[in-house]
Visitor: 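Please read through the structure below; I'll follow up with questions.
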Amino acid sequence: MEKSVIFAGFGGQGVLFAGQLLAYAAAEEGLYVTWIPSYGPEMRGGTANCTVVVGDEPIGSPLVRNPDIVVAMNLPSADKYEPLVRRGGLLVLNGSLVKRPVQRHDIDVIVIPANDIAESLGSVKLANVVMLGALIGATGLLPLSAIARALAEHLPERHRHLLAANEEALRQGADFAMRMWPEVVAAVSV
Amino acid sequence: MEKSVIFAGFGGQGVLFAGQLLAYAAAEEGLYVTWIPSYGPEMRGGTANCTVVVGDEPIGSPLVRNPDIVVAMNLPSADKYEPLVRRGGLLVLNGSLVKRPVQRHDIDVIVIPANDIAESLGSVKLANVVMLGALIGATGLLPLSAIARALAEHLPERHRHLLAANEEALRQGADFAMRMWPEVVAAVSV
Amino acid sequence: MAAKGTVVIDRNRCKGCELCVYHCPQHVLKLDETYNTRGYRPVILDERSGQCTGCAVCAVVCPDVVFTVYRFPQPVRTPAVRAVAN
Amino acid sequence: MAAKGTVVIDRNRCKGCELCVYHCPQHVLKLDETYNTRGYRPVILDERSGQCTGCAVCAVVCPDVVFTVYRFPQPVRTPAVRAVAN
Amino acid sequence: MAIAELTPPQIASRPEVALAAMQVVYKRPEALTEAYTHYCPGCSHGVIHRLIAEVIDELGIRERTIAVAPVGCAVLAYEYFTVDAAEAAHGRAPAMATGIKRVLPDRIVFTYQGDGDLASIGTNEIVHACARGELLTVIFVNNSLYGMTGGQMAPTTLPGQVTTSSPYGRDIRQQGWPLHITEMLAMMPGVAYAARRSTHAPAEIRKAKKAIELAFRAQIEGLGLGIVEILSSCPTNWGLSPMEALAFVRDKMVPVYPLGDFKVHQALAARA
Amino acid sequence: MAIAELTPPQIASRPEVALAAMQVVYKRPEALTEAYTHYCPGCSHGVIHRLIAEVIDELGIRERTIAVAPVGCAVLAYEYFTVDAAEAAHGRAPAMATGIKRVLPDRIVFTYQGDGDLASIGTNEIVHACARGELLTVIFVNNSLYGMTGGQMAPTTLPGQVTTSSPYGRDIRQQGWPLHITEMLAMMPGVAYAARRSTHAPAEIRKAKKAIELAFRAQIEGLGLGIVEILSSCPTNWGLSPMEALAFVRDKMVPVYPLGDFKVHQALAARA
Amino acid sequence: MAKTLWKGNEALAEAALRAGVKAFFGYPITPQTELLEYMARRMPELGRVFLQAESELAAINMLYGTACTGTPAMTSSSSPGISLMQEGLSYIAASEVPAVIVDIMRGGPGLGNIQPSQGDYFQVVKSAGHGDYHAIVLAPATVQEAVDLMYISFDLAFKYRHIVIILGDGTLGQMMEPVEMPPFKEVNGGEPPAWALTGAAGRPHRVITSLYLSAERLEALNLHLQEKLARIKENEVRYDTTMVEDAEYLIVAFGTVGRIAQSAVRQARTTGLKVGLFRPITLWPFPERELDALIERVQGVLVVEMNAGQMLEDVQRVVKDRVPVHFLGRMGGIIPLPDDILPALHTLCGLVRSRNGHRVRPVPA
Amino acid sequence: MAKTLWKGNEALAEAALRAGVKAFFGYPITPQTELLEYMARRMPELGRVFLQAESELAAINMLYGTACTGTPAMTSSSSPGISLMQEGLSYIAASEVPAVIVDIMRGGPGLGNIQPSQGDYFQVVKSAGHGDYHAIVLAPATVQEAVDLMYISFDLAFKYRHIVIILGDGTLGQMMEPVEMPPFKEVNGGEPPAWALTGAAGRPHRVITSLYLSAERLEALNLHLQEKLARIKENEVRYDTTMVEDAEYLIVAFGTVGRIAQSAVRQARTTGLKVGLFRPITLWPFPERELDALIERVQGVLVVEMNAGQMLEDVQRVVKDRVPVHFLGRMGGIIPLPDDILPALHTLCGLVRSRNGHRVRPVPA
Ligand SMILES: Cc1ncc(C[n+]2csc(CCOP(=O)(O)OP(=O)(O)O)c2C)c(N)n1
Ligand SMILES: Cc1ncc(C[n+]2csc(CCOP(=O)(O)OP(=O)(O)O)c2C)c(N)n1
Ligand code: SF4
Ligand code: SF4
Ligand code: SF4
Ligand code: SF4
Ligand code: SF4
Ligand code: SF4
Ligand SMILES: [Mg+2]
Ligand SMILES: [Mg+2]
């Protein structure tokens, strides 16, 4: 088993942290894992992404051209990565910001209004964890509890007071995926 | 034909210039020639030497371990180079400063009181040209006139007034060698 | 109010840093609600635009050369001058 | 003359630069006629050596630490103090 | 149609006609390209670029100016000026500019350098360009840290200032005092003009422009090297909003780095 | 036998007995090895070496002193001091010394640098050692040119001075003005002591020694970096006799490089 | 298994701390800066020396100074910064003081960019400045290996009084992986080495220099250095192999590319291609003998690098004419992924079958 | 024949003047300083630019600046100074501006000494800084050849917009030989090249940079550079041979050692040994094909260098396993004389006869 996930979005949307949570959780579960960010030219704003590869054997390439899963938190990321998801893979879209229809028919898609859910939980900043929840809910890549533990352990000190909200965001993301996209959850082969 | 000559002495005795005169003259005569100084650590005083190789074919090595001829202007140079003259070669010693007997029996030797001759001509600084004259007188390596022309052309501006004295030094050096060391002049195979 | 001047805003150049908003002596600038093509909320003239004096303070502080500033030879009546390029 | 001091000269250390010769207030130093082992004409005390005061000016200006300087508790009569090491 | 007859809505609807008739108080300088800059919102680099461009325009030297860009946040400066430009190695802009100026003495050459670039790795090159009195103009942007690499300490970092490489605050006993390099450079006879300015307020920005002009005039008139140090904000690495960042410049930087002229060649003094 | 009874000839014949009883006014410092130096006759490097050694002896720090030798005529300085020593790359002695001092803070570290070494290729390293206030002592030997490589121009070469690389005399318009780097360094708060001295006369040499002592004390007492620039003669490359060379220092160099203290930390002032 | 997730740059720093590094000198440069920043936080906590130098030139010479005192010390940088250190490295090698340098390579030449690259092979493995010597060059492929190699690098540096360079690239520096950190070594106690400068207290003074004015003495130093290098070559070769036992074709790749090639090998195996991977861990000493032995058993070699073919030359020297050597190089920050490697592999196999005399053919894209 | 006696360093300078160099930036270092001093005298006379830089770092970056204006310019130094220029060289190569550098090598590593050496082969021929490129490296053996190569170096530099390095050693720099100086080239007139920075008068502004933030664009630059290098390799190989026609053994040596080896070859021939000499003149591009062709006809190769075996690696790559390659290296400023080379030659011949499988055996002393 080896699965690759790309998290992508605007800088500030927390995609690097979402990827790290997945990586921390995988490591805790005793799996092999690599996390690698795009470290672009030292320019501000712009987009950010990271690649996480999880597996039960040592990871060769920490980078992939055609990931199994893409979590796209904004439109530019959706545009950039939709064509790259490997055939049969999964695309998780932030429906709050990506309003266009998906072009590909050879991949599974989950659309989740992550910003809206996050805002309902008190902060749009939680959208990244909502998305991560949806990914876990859809794929069962790791137990949700492992992610929750990673959250508890790695949420930065200054956001500690938001731990409960983060946990809720995670849960609601997973719930949403399982509730609203049961056919994907059933089909998903990643 | 290829002949190698090492000129050696104290810094200030003009050994580099003597070597250059030989080299200039050789070049003028259309011969191949190389001149290379010892460029020691940038320390003052001490000894200086240069190697001149003259030949009628392109010169391969501009340096030699066992020169055909050594012109030694002081005792340390005599001590250092006497053992290195190639068997059958020639050692020209400045008898004014080298008072000890020569050890080798397998080389030709000319001893000339160069400082004394030079002083008699007005300046001890002419000793280098006296020595060069002796070398030419003994070996006929180049025509004396070629050396004289090189002198006329390359004597530094500030020593121009000494040109006649230099020419005389050259001539007396050659004369001395031919007069006082006829057996060497006859035997010399270099 | 009599407008003494106005500004043309190069909307897509603006990064919404608000330096002009703070510095405009007439307080006639504000950030737009919508985003420009580069994802920033750009500056616009607000309802008090008639008070713009063409003083060019906005242009002086703006790091992104967003403004062209004009001064009217004589004051122009009524409010709401809103000149935005593209 | 009563000598108030003297110097010991480390003959082979001297490079004959003459700085001490020029600077000695008593003019008691000069270069030797002969050479030291390194080819320099080293400094020696001359016939006026009895005038050495042990003032150590020579030691101060000498770049080669050639001098050891002594002062006599009380003056020593007669000239020609000549102390040279090795 | 007289301008006074235009109602503002008409102006808005036909800006090209209406505005053309009006007096342009400020417009984009010719010496700037149309490119969007990559600087963070509120970063003073943009302001300083604009001032340089305005001065170049006003002096009428655009077509004979050559810029040397640094390694630092302004590494792409060459994309923003409509003058010929070269990109230097980190800290070496003054040497590169010297190489240009010496063979093209009638061109106007300026370097644009950050505090890491000029006051840390490149100290040797700037000192000796000044010592030689190279006819160069140096725009020295001091934002108290290494912007491009993510906010490390620079020699200009303030005492106590936290950066990613001085996480406990700059400790002057361990990391030394802020470097007042412009004052030091001003001591050299080869420097015809040396000043420090700031970008924290409109009036300061206007003074900065004047100083930039003098730094160019020093070169044009063959008087010597002209350098302007400009205190500049880095909202991103300071973790402040653009306005807060300007306040930081005013309240924290200016007290440590006093503004003013440190050297004005007498031939420039009349204009200063 | 009382000393007064000794006749001079007796002293001469038995110096070891006689002299031992006399008062030693001057003797070779312990901090110098017995090696003959390679310096040219009359070169001030030897004087400066001796002064450093005397100060080390007098301060009693020989066993905890580490020297950093430069690239320059003094490249072999490490053979002449009986202290531990490292040979630095050209210009980098202050960086190397920093590396030593930071891990051995209770040792006394000094660099010995020529004007080419410190004021040309190594300007960056000395400026930043000073900026950081490294606890180092810097002996800076200014002989107005590159001695070791045969007398090329240095940043310290006098206006009009002919060297092998300024054959028409240093032209300040082309090659710049002499660099007064010690004055510049003195401006930095990290510098506790900065002074210029000379070797052209006995009284000056004595003053130079005092300055060297203070430059060491600045370090020992943790006040900051201490630097002494010492005007030094290079008879060989100037083409002058040793005495003429000292006159050159006095008559040509001192007017351009005024002697004096440029910075004396108040804790040192009492001793200065 | 007490593994935690570490970013490469920070893991290298932490491993150095645990190995007992007592001083760090550095200058920021992407993609290495996190190493410096980590040191800025942790060294003062441990009462050790962290100093941001004014330049890479200063950093390497500060390191040189500290090394002269017999103290474990290091610096880190990335390609342009390493270029600036070449003179200093040569001095350190000649002086025989122990020093550890980390190079997290980026795209070149020139300012290039900050993406991963392996363009420093020549300057780090072949030259590292003027004169004759090679640094010990360790090229980890994973964060764990980076930690393990960093952990032993000071031992190597002190054992041989020599330079050890850890050669990684932006990928290694920026990525996170689970790592088992080795324990803290006891660093206090123990006399400074007998050659260290510590002050001439009660002993003759010591000198550390790289100046040997006499040619004879400088040649003697060089012969001594060559003898030392020969010893290192004998004892310190490290490499890794994947599925080479029955391999008909061999990929040779180091560092990040080495691990990526591992994926390619696994994928190729699923298509029935008998491919193996030879991954040098020490780039100098290059595992010549070990590679040589394998060459006897394969039909073709594919060298993959993030450069235009630098290690390639060492592989060619070893392979000689025995089998074809192909090359796949990506440059400028492009990382060759398994998808790039597999076609190159197929080309190699195809060509080998069709025309055997073929030697080297770059397959850059 | 209008030959006059010239010192190598000064002859190089004069040849550069005649070739039209318009700016010289340098820093004193033995054994190259006479070149700088000559320029200090002559450039102002000709109304050209001479500037002593504050360091080698500044010198290479001044040269870089001047090169950006399309002006023929140069610097010169010796080994430690060349190490300091590595970053600048990499920038110049990436920016594709023409520059000529003279390296008169001395003994290393470190401060070493000032005697002749060939210890910069790796850093000049292989790397010259980070990233993928090679400079054109010309290695003259005589003062005349130095003059001739210097004379064409600016043409090469401008033709390819590339770095040309003249690689000599202290012997070449210090020795005098009769030289026929080429005529002064007309240097004025002629527009600056279309890429040069001259001020954007009546044309769009131009930029010279080595920064390519996108990996794709930086790879494109690199592919372009590689293509250019391939063209150079095709067109600019230079070498010299002595008595190779019937040679059974081949000496390979460059620069000063190359000419000394010529003496050795002549001496060996007098003893009946059929020896020839292959002397690469371009070290990069290395005359691979030409050497390769010769290898087919000889029984053994002796590489002689003033280093520990640097060009040796290139020779090995070419020779492969076909014949034994022996090596004679002297270091630290010791020059291998014919007296050293002849025994090494005899060993080679003896060994070749006795055991044929032998590959490389250093014969250092
Ligand atoms: C030789 C070298 N060292 C380090 C770097 C990395 N680097 C890029 S920009 C920079 C610092 C820039 O800081 P500053 O000059 O203050 O400019 P700012 O970004 O703050 O405007 C550094 C260290 C480099 N590119 N080259
Ligand atoms: C990197 C480098 N560049 C140049 C040199 C050559 N070099 C040796 S000493 C020296 C100058 C020394 O001059 P200075 O520092 O004034 O000392 P002085 O000899 O005058 O005492 C130079 C340039 C070198 N060894 N290394
Ligand atoms: S011109 Fe003056 S009044 Fe008008 S918007 Fe700008 S700052 Fe405000
Ligand atoms: S200052 Fe400029 S960039 Fe900032 S908000 Fe105003 S117009 Fe926009
Ligand atoms: S001690 Fe004084 S008087 Fe005696 S020799 Fe020395 S300088 Fe002259
Ligand atoms: S000063 Fe010293 S070296 Fe010079 S002559 Fe006097 S004793 Fe000799
Ligand atoms: S990091 Fe700082 S200096 Fe750089 S662009 Fe952003 S705000 Fe400006
Ligand atoms: S060259 Fe000058 S500085 Fe060097 S030792 Fe000789 S006199 Fe002293
Ligand atoms: Mg900055
Ligand atoms: Mg000097």
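As the structure is a prediction and not an experimental result, all values here were calculated from the model. In the text below, chain A, chain B and the rest are named by the order of the sequence lines, each starting its count at 1.
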Visitor: Under 4.0 Å between a side-chain nitrogen and a carboxylate oxygen: does that hold for G:Glu45 and G:Arg41?
Guide: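 The answer is no: the pair does not qualify as a salt bridge.
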Visitor: Between G:Ile60 and chain F, which part of the residue has a heavy atom less than 4.5 Å away: side chain, backbone, both or neither?
Guide: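 Nothing of G:Ile60, per the 4.5 Å heavy-atom cut-off to chain F.
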Visitor: Under a 4.5 Å cut-off applied to non-hydrogen side-chain atoms, are F:Asp115 and F:Phe140 in contact?
Guide: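 F:Asp115 reaches F:Phe140 side chain to side chain.
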Visitor: Which region of G:Thr198, side chain (C-beta onward) or backbone (N, CA, C, O), has a non-hydrogen atom less than 4.5 Å from a non-hydrogen atom of chain F, or is it both or neither?
Guide: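 Contact with chain F: backbone and side chain both.
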Visitor: May I ask you to decide whether F:Arg62 forms a salt bridge with F:Asp84, counting only side-chain N to carboxylate O separations under 4.0 Å?
Guide: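 Between F:Asp84 and F:Arg62 there is no salt bridge, as every charged N stays at least 4.0 Å from the carboxylate O atoms.
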Visitor: What residue among G:Ile92, G:Val97, G:Thr209, G:Val207 forms side-chain contact (heavy atoms from CB on, under 4.5 Å) with G:Cys68?
Guide: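 For G:Cys68, the side-chain contact (heavy atoms from CB on, under 4.5 Å) test succeeds with only one of G:Ile92, G:Val97, G:Thr209, G:Val207, which is G:Val97.
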Visitor: Let me know if F:Val71 has heavy atoms under 4.5 Å from chain G in its side chain, its backbone, both or neither.
Guide: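 Only the side chain of F:Val71 comes within 4.5 Å of chain G.
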Visitor: So, G:His162 versus G:Tyr133: side-chain donor-acceptor pair below 3.5 Å or not?
Guide: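 Per modelled atom types, G:His162 and G:Tyr133 side chains form no pair under 3.5 Å.
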Visitor: When you compare the side chain of F:Leu268 with that of F:Leu223, does any pair of heavy atoms fall below 4.5 Å?
Guide: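 Yes, close enough: below the 4.5 Å cut-off.
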Visitor: Chain F heavy atoms under 4.5 Å from G:Ala73: which part of the residue, side chain, backbone, both or neither?
Guide: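 The answer is neither part of G:Ala73.
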Visitor: Report which part of G:Leu63 has an atom under 4.5 Å of a heavy atom belonging to chain F: side chain, backbone, both, or neither.
Guide: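 Contact with chain F is absent: no heavy atom of G:Leu63 under 4.5 Å.
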Visitor: Contact part of F:Ala88 toward chain G, heavy-atom cut-off under 4.5 Å: side chain, backbone, both or neither?
Guide: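 Only the backbone of F:Ala88 comes within 4.5 Å of chain G.
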Visitor: Donor-acceptor pair, distance only, cut-off 3.5 Å: does the side chain of G:Arg206 make one with the backbone of G:Leu197?
Guide: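 No; zero donor-acceptor contacts below 3.5 Å.
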Visitor: With chain F, which of G:Leu51, G:Leu57, G:Val49 has the greatest number of heavy-atom pairs at distances under 4.5 Å?
Guide: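 Counting heavy-atom pairs under 4.5 Å, the top option is G:Leu51.
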Visitor: Sort F:Arg64 into side chain, backbone, both or neither according to what part of it lies under 4.5 angstrom from a heavy atom of chain G.
Guide: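 Backbone only.
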Visitor: Can you tell me which of F:Glu87, F:Glu125, F:Met96 forms the most heavy-atom pairs within a distance under 4.5 Å of chain G?
Guide: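 Highest number of heavy-atom pairs under 4.5 Å: F:Met96.
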